[in-house]
Amino acid sequence: MRRATWMVLMGAIVAEVVATLSLRAALDSPGWYALTAVGYATAFVLLALLLRMGAKIGSVYGIWAASGVALTALLAAWLFGEALTWPMVLGIVVVMVGVVLVETGHTDDKPAAPGSAVPGDATGPAGRRTEVGA
């Protein structure tokens, strides 16, 4: 992914984590619901932008979700005193390893071999141009 793609993805992750933590804070102070709504809306708009930029949905969603889970669990433990046990930490690590495997395991779209049929291609055998509709 390009640098701009990573920056937008980081923004989506931060927006989602802020929204989720605000949702928890809203239990004690309902004013946080506004930040919850803005955060989730921002995260989804940024995810849509990433797709328009050509990012692969599996990679983007995997990184976004795993990072969100990890950061939310860590920050909830720090901010709200929620439990963070070793099995939870192990689970976070396993999810992150899974995302790395998804990211590194996909193949890039490769161009078709010369002379192969491609939908919408107007070339015939040996790459010669043919009349469309002939």
Side-chain angles (χ1 to χ4, degrees):
M1 285 194 282
R2 299 183 318 251
R3 183 180 186 147
T5 305
W6 282 108
M7 297 303 288
V8 174
L9 179 56
M10 286 182 0
I13 293 166
V14 168
E16 189 265 339
V17 170
V18 166
T20 303
L21 293 173
S22 297
L23 185 60
R24 169 57 176 83
L27 296 175
D28 300 325
S29 178
W32 288 97
Y33 284 122
L35 186 56
T36 300
V38 170
Y40 284 131
T42 301
F44 286 112
V45 166
L46 292 175
L47 287 173
L49 177 61
L50 284 165
L51 297 178
R52 287 194 180 271
M53 294 170 69
K56 302 234 186 275
I57 186 71
S59 299
V60 166
Y61 184 75
I63 294 168
W64 177 72
S67 299
V69 167
L71 288 172
T72 300
L74 294 171
L75 291 172
W78 180 57
L79 293 171
F80 303 114
E82 293 187 2
L84 185 63
T85 64
W86 286 111
M88 291 171 67
V89 172
L90 179 61
I92 290 169
V93 170
V94 168
V95 168
M96 295 179 99
V97 168
V99 169
V100 169
L101 291 173
V102 168
E103 176 64 21
T104 59
H106 72 80
T107 59
D108 291 329
D109 296 331
K110 295 181 182 174
S116 65
V118 176
D121 190 6
T123 59
R128 287 178 272 173
R129 295 290 292 167
T130 59
E131 291 295 325
V132 177

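Note: hydrogens, waters and symmetry copies are ignored here, and every other heavy atom, side chains too, is used. For this chain, numbers begin at 1 and follow the sequence in order.
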Give a yes or no on whether [X] and [Y] share a hydrophobic cluster (residues Ile, Leu, Val, Met, Phe, Trp, Tyr; joining criterion: side-chain heavy atoms under 4.5 Å apart).
X	Y	result
Leu47	Val69	no
Leu21	Phe44	yes
Val95	Val60	no
Val99	Ile92	no
Tyr61	Met96	no

Discussion item. Please enumerate all residues that pass side chain to side chain donor-acceptor pair (under 3.5 Å) together with Thr20, with sequence neighbours excluded.
Written reply: Glu16, Tyr40
Item to complete: If a pair satisfies salt bridge (charged side-chain N to carboxylate O under 4.0 Å, His left out) and one of its residues is in residues 62-74, list it, with sequence neighbours excluded.
Response: none
Item to complete: Identify the heavy atoms of Leu23 and Thr36 that sit nearest to each other, and give their distance.
Response: N-OG1, 3.1 Å
Worksheet entry | Ala43 to Ala15 - nearest heavy-atom pair and separation | N-CB, 3.8 Å
Practice prompt. Could you tell me whether the side chain of Ile63 reaches within less than 4.5 Å of the side chain of Val102, counting heavy atoms only?
Written response: no
Worksheet item: Do Trp64 and Leu9 come close enough that some side-chain heavy atom pair is under 4.5 Å?
Response: yes
Discussion item. To the closest 0.5 Å, what do you measure between CE (Met53) and CG (Leu46)?
Written reply: 10.0 Å
Can you give the donor-acceptor pairs under 3.5 Å from side chains of residues 72-89 to other protein atoms, not counting sequence neighbours?
unit_1	atom_1	unit_2	atom_2	d
Thr72	OG1	Gly68	O	2.7
Glu82	OE2	Arg24	NE	3.1
Thr85	OG1	Met88	N	3.4

